[in-house]
K.L.:
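Take this structure, written in structure tokens, and hold onto it; I'll ask about it next.
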Amino acid sequence: VQLQASGGGLVQAGDSLRLSCAASGRIFSSYAVGWFRRAPGKEREFVAVINWSNGVTYYADSVKGRFTISRDNAKNTVHLQMDSLKPEDTANYLCAVSTGGWSTAQVLSNRIRYNYWGQGTLVTVSS
């Protein structure tokens, strides 16, 4: 599976952005597709994940209520709608696929669960 993230850019606080993660290669129903982010000088952190089969989602507390992850099975694409952006959301956003089956939020928030990673797309939020 190869992943290509897009949609990043420079926005102001309070604005919205929609990121996309396009997958080449088949994504099976047991897979989970997640978004992580890495801010300068910080560790990679979990943002959100979606069950490819039934659309069940988990979110990090820091983005809950502001970000929405969704999938388009026909286009092999996962989106991350980001609203009410804050300067602390500034980071390189990466999408990833876990082939290990659905699990708990605690398990799926761990980056070691994911087998395939895209290059990322940069989001910069100015104050």
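Heads up: numbering here begins at 1 and tracks the sequence.
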K.L.:
When rounded to the nearest 0.5 angstrom, what is the spacing between OG in S127 and CD in E88?
P.N.:
10.0 Å
K.L.:
V56 and L80: same hydrophobic cluster, using ILVMFWY side-chain contacts below 4.5 Å?
P.N.:
no
K.L.:
Does some side-chain heavy atom of Y58 sit less than 4.5 Å from a side-chain heavy atom of S109?
P.N.:
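In short, these two side chains do not touch, never coming nearer than 4.5 Å.
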K.L.:
Working to the nearest 0.5 angstrom, can you tell me the gap between S53 OG and R71 CZ?
P.N.:
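If we round to the nearest 0.5 Å, S53:OG and R71:CZ are 7.0 Å apart.
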K.L.:
Linking I/L/V/M/F/W/Y whenever any side-chain heavy atoms sit under 4.5 Å apart, do V97 and Y93 land together?
P.N.:
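Result: yes, single cluster for both.
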K.L.:
Are M82 and V63 in one and the same hydrophobic cluster, where Ile, Leu, Val, Met, Phe, Trp and Tyr link if side-chain heavy atoms are under 4.5 Å apart?
P.N.:
yes
K.L.:
For Q2, look at atom CD and say whether over 12 heavy atoms of other residues, nucleotides or ligands are found less than 6.0 Å away.
P.N.:
no
K.L.:
Decide whether I69 and F36 are clustered together by the hydrophobic rule: side chain heavy atoms of Ile, Leu, Val, Met, Phe, Trp, Tyr closer than 4.5 Å, transitively.
P.N.:
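Unlinked, I69 and F36 end up in two clusters.
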K.L.:
Are the side chains of L108 and W102 in contact, using a 4.5 Å heavy-atom criterion?
P.N.:
yes
K.L.:
Other residues, nucleotides and ligands only: do more than 12 of their heavy atoms fall within 6.0 Å of CD on Q119?
P.N.:
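No, CD of Q119 has 12 or fewer neighbouring heavy atoms, counting only those of other groups under 6.0 Å.
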K.L.:
Does the side chain of L85 reach to within under 4.5 Å of the side chain of F67, using non-hydrogen atoms?
P.N.:
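Yes; the side chains approach each other to less than 4.5 Å.
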K.L.:
Identify the two heavy atoms, one from R113 and one from N115, that lie closest to each other, and give their separation to 0.1 Å.
P.N.:
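Shortest heavy-atom separation between R113 and N115 comes out as O-OD1, 3.7 Å.
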K.L.:
Taking all atoms of both residues into account, what is the closest heavy-atom pair of D83 and S16, and its distance?
P.N.:
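Residues D83 and S16, closest heavy atoms: OD1-OG, 2.7 Å.
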K.L.:
Between D61 and K64, is there a salt bridge with N-O shorter than 4.0 Å?
P.N.:
yes
K.L.:
With no hydrogens and no angle check, is any side-chain donor or acceptor of T121 less than 3.5 Å from a backbone partner on A5?
P.N.:
no
K.L.:
Does Y59 reach the side chain of T68, with side-chain heavy atoms less than 4.5 Å apart?
P.N.:
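Yes, their side chains come closer than 4.5 Å.
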K.L.:
To the closest 0.5 Å, what do you measure between CG (L17) and CG (L19)?
P.N.:
6.5 Å
K.L.:
Could you check if a side-chain atom of W52 sits within less than 4.5 angstrom of a side-chain atom of N76, using non-hydrogen atoms only?
P.N.:
yes
K.L.:
When hydrophobic residues are tied together by side-chain contacts of less than 4.5 Å, even through go-betweens, does V107 share a cluster with Y116?
P.N.:
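Each belongs to a different hydrophobic cluster.
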K.L.:
For R66 and S84, which heavy atoms make the closest approach, and how far apart are they?
P.N.:
NH1-O, 3.0 Å
K.L.:
For the residue pair A32 and V49, what are the closest heavy atoms and their distance?
P.N.:
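So the two residues come closest at CB-CG2, 3.8 Å.
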K.L.:
Within the 4.5 Å heavy-atom criterion, are D15 and V125 side-chain neighbours or not?
P.N.:
no
K.L.:
To the nearest 0.5 Å, tell me how far S98 OG sits from I112 CD1.
P.N.:
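That separation rounds to 10.5 Å.
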K.L.:
So, for I50 and T57, which heavy atoms are closest and what is the spacing to 0.1 Å?
P.N.:
CG1-CG2, 3.7 Å
K.L.:
Is V123 close to R37 at the side-chain level, that is, under 4.5 Å between some pair of heavy atoms?
P.N.:
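When only atoms from C-beta onward are counted, V123 and R37 do not touch, as no gap falls below 4.5 Å.
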K.L.:
How far apart are the closest heavy atoms of G120 and N92, and which atoms are they?
P.N.:
C-OD1, 3.5 Å
K.L.:
Taking the side chain from D89 and the backbone from K86, do they hold a donor-acceptor pair closer than 3.5 Å?
P.N.:
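Yes; judged by distance alone, with no hydrogens or angles, the pair exists.
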K.L.:
Are the side chains of R44 and W117 in contact, using a 4.5 Å heavy-atom criterion?
P.N.:
yes
